[in-house]
Amino acid sequence: MSRILILGGTTEARELATMLAQRGADATLSLAGRTATPVAMPLPTRHGGFGGIAGLVEYLRTSGTEALVDATHPYAAAMSHHAAEASALAPVKLLALRRPAWRRQEGDDWLEVGDAAEAVSALGAAPRRAFLALGRQELRPFEAAPQHRYLIRSVDPVEPPLAVPDALYVVARGPFDIAWERLLLESEAVDTIICKNSGGTATYGKIAVARALGLRVIMLRRPTLPEAESVATPEAAMEWLAHAGMLRGV
């Protein structure tokens, strides 16, 4: 059995951590610390960054880590690039656990943009009722468009609130089912959704509801991630770790 480090913050990272704990694996989950109240996990968990690539390399070497699983969010590109470079320098085995992107279906009205600033421009000058399903780091650009009414959902409170005259804040943690999303969007008369192409099922409900209601979705394009051996599910990650000799009894 070998020491495994999971770079987490996603549903898949939590699922993999639970599977590894059940197997009695020598593994640690690392969280960036952006969420004030993370879900408790059955593995040893560290919080906060490593201090860049050099810090991550030092951690991998001093901890005796032999396998690094990058299970960060698809939009955490900087961390994924750091993981790829650090794994080569340490050196340790690297696996990327990457959920597939959502694919456009018949009836979807999507507009892809590069970042939050482009999303603000895409909203236009006419007042809209916009649902911002983004991380707190992407919200500030919308202060440049105070004519819109904003529905803002986040895991932690947005502090300070946006400097706009009309905003409703919802603090909630997914997954969000279709019924819940439809109730929220219809009750607030939302006509536009701004979100990331996060992939997976936990937050797909809003996309399905947008299709059913004919709502425009302004979607931030996924960033480019480094080349790495990758899998799409925690189960596949467990198989990879087993074949790599990282789990006892396999």
Side-chain angles (χ1 to χ4, degrees), residues 9-12 71-80 96-155 158 162 164 166-170 172-226 230 232-233:
T10 60
T11 300
E12 290 80 6
T72 55
H73 195 276
Y75 286 75
M79 190 66 244
S80 291
L97 175 50
R98 295 176 180 169
R99 65 175 81 134
W102 296 321
R103 300 295 182 185
R104 191 189 306 263
Q105 298 185 24
E106 183 177 356
D108 284 330
D109 179 10
W110 291 5
L111 174 65
E112 288 194 340
V113 297
D115 55 24
E118 287 188 24
V120 173
S121 297
L123 274 174
R128 314 291 299 183
R129 300 176 73 88
F131 176 32
L132 304 185
L134 298 167
R136 288 175 295 164
Q137 296 76 20
E138 289 84 19
L139 295 177
R140 294 298 157 191
F142 292 90
E143 292 180 333
Q147 71 272 27
H148 306 299
R149 184 182 192 278
Y150 294 111
L151 170 64
I152 302 168
R153 183 169 67 198
S154 58
V155 175
V158 176
L162 293 192
V164 295
D166 195 353
L168 172 65
Y169 297 88
V170 176
R173 189 193 304 270
F176 305 104
D177 62 30
I178 291 177
W180 198 96
E181 296 286 56
R182 183 159 191 152
L183 177 62
L184 177 66
L185 297 177
E186 288 188 321
S187 65
E188 296 303 321
V190 167
D191 56 43
T192 308
I193 296 173
I194 298 94
C195 67
K196 299 175 180 177
N197 191 332
S198 299
T201 60
T203 61
Y204 186 73
K206 63 181 176 291
I207 303 299
V209 173
R211 184 184 308 123
L213 299 180
L215 307 182
R216 162 62 62 95
V217 176
I218 300 173
M219 189 174 290
L220 275 59
R221 192 176 298 112
R222 281 192 170 194
T224 301
L225 299 179
S230 63
T233 66

Do the non-hydrogen side-chain atoms of Thr192 and His148 ever get within less than 4.5 Å of each other?
-> no
What distance do Ser154 atom OG and Gln137 atom CD have between them, rounded to the nearest 0.5 Å?
-> 10.0 Å
List for me each residue that meets side chain to side chain donor-acceptor pair (under 3.5 Å) alongside Glu143, sequence neighbours excluded, and say none if there are none.
-> Arg140
Show the numbers, then the answer: is there a side-chain contact (heavy atoms from CB on, under 4.5 Å) between Lys196 and Leu134?
-> CA-CA 7 Å; Lys196 299 175 180 177; Leu134 298 167; 4.0 Å; yes
Phe176 side chain reached by Leu184 side chain, heavy atoms, under 4.5 Å = no
Would a distance-only check, ignoring hydrogens and angles, find a side-chain to backbone donor-acceptor pair under 3.5 Å from Arg222 to Pro74?
-> no
Thr201 side chain near Pro175 side chain, heavy-atom distance below 4.5 Å = no
Taking all non-hydrogen atoms of both residues into account, name the closest pair between Val120 and Pro141 and its distance.
-> CG2-O, 3.5 Å
Drop me the distance from His73's NE2 to Thr11's OG1, to the nearest 0.5 angstrom.
-> 9.0 Å
Quick one: closest heavy-atom pair of Leu162 and Tyr169, and the distance?
-> N-OH, 2.8 Å
Tell me, with the steps shown, if Glu138 and Leu132 meet side-chain contact (heavy atoms from CB on, under 4.5 Å).
-> CA-CA 9 Å; Glu138 289 84 19; Leu132 304 185; over 6 Å; no
Quick one: are Asp108 and Val217 in side-chain contact, heavy atoms under 4.5 Å?
-> no
Separation between CG (Asp177) and OG1 (Thr203), nearest 0.5 Å, reads 12.5 Å
Which atom of Lys206 lies closest to which atom of Cys195, heavy atoms considered | CE-CB, 3.6 Å
If only atom types and distance count, is the side chain of Gln147 paired as donor or acceptor with the main-chain N or O of Gly124 below 3.5 Å?
-> yes
Report yes if some heavy atom in the side chain of Ser198 is under 4.5 Å from a heavy atom in the side chain of Trp102; otherwise report no.
-> yes
Assess whether side-chain contact (heavy atoms from CB on, under 4.5 Å) is satisfied between Ile218 and Ile193, documenting all intermediate values.
-> CA-CA 6 Å; Ile218 300 173; Ile193 296 173; over 6 Å; no
Looking only at non-hydrogen atoms, find the nearest pair between Ile194 and Ala130 and report the distance.
-> CD1-CB, 3.7 Å
Quick one: does Leu168's side chain get under 4.5 Å of Arg149's, heavy atoms only?
-> yes
By side chain to side chain donor-acceptor pair (under 3.5 Å), Thr10 pairs with (sequence neighbours left out) none
Validation row: Phe142, Val164 side chains within 4.5 angstrom (heavy atoms) = no
Hey, is Asp191 close enough to Arg129 for a salt bridge, meaning N to O under 4.0 Å?
-> no
Could you state the interatomic distance from CD (Glu181) to OH (Tyr204), rounded to the nearest 0.5 Å?
-> 12.5 Å
Atom pair CD/CD of Glu112 and Glu118 - distance to nearest 0.5 Å | 11.0 Å
What closest approach, in Å, do Pro223 and Tyr75 show between heavy atoms, and which atom pair accounts for it?
-> CD-CD2, 3.5 Å
Arg99 and Gly200: which non-hydrogen atoms are nearest, and at how many Å?
-> CD-N, 3.6 Å
Hey, does the side chain of Arg98 reach the backbone of Ser230 with a donor-acceptor pair shorter than 3.5 angstrom?
-> no
Please identify each residue that fulfils side chain to side chain donor-acceptor pair (under 3.5 Å) with Asp109, with sequence neighbours left out.
-> Arg216
Below 4.5 Å, heavy atoms only, C-beta onward: do Thr233 and Glu12 meet side chain to side chain?
-> no
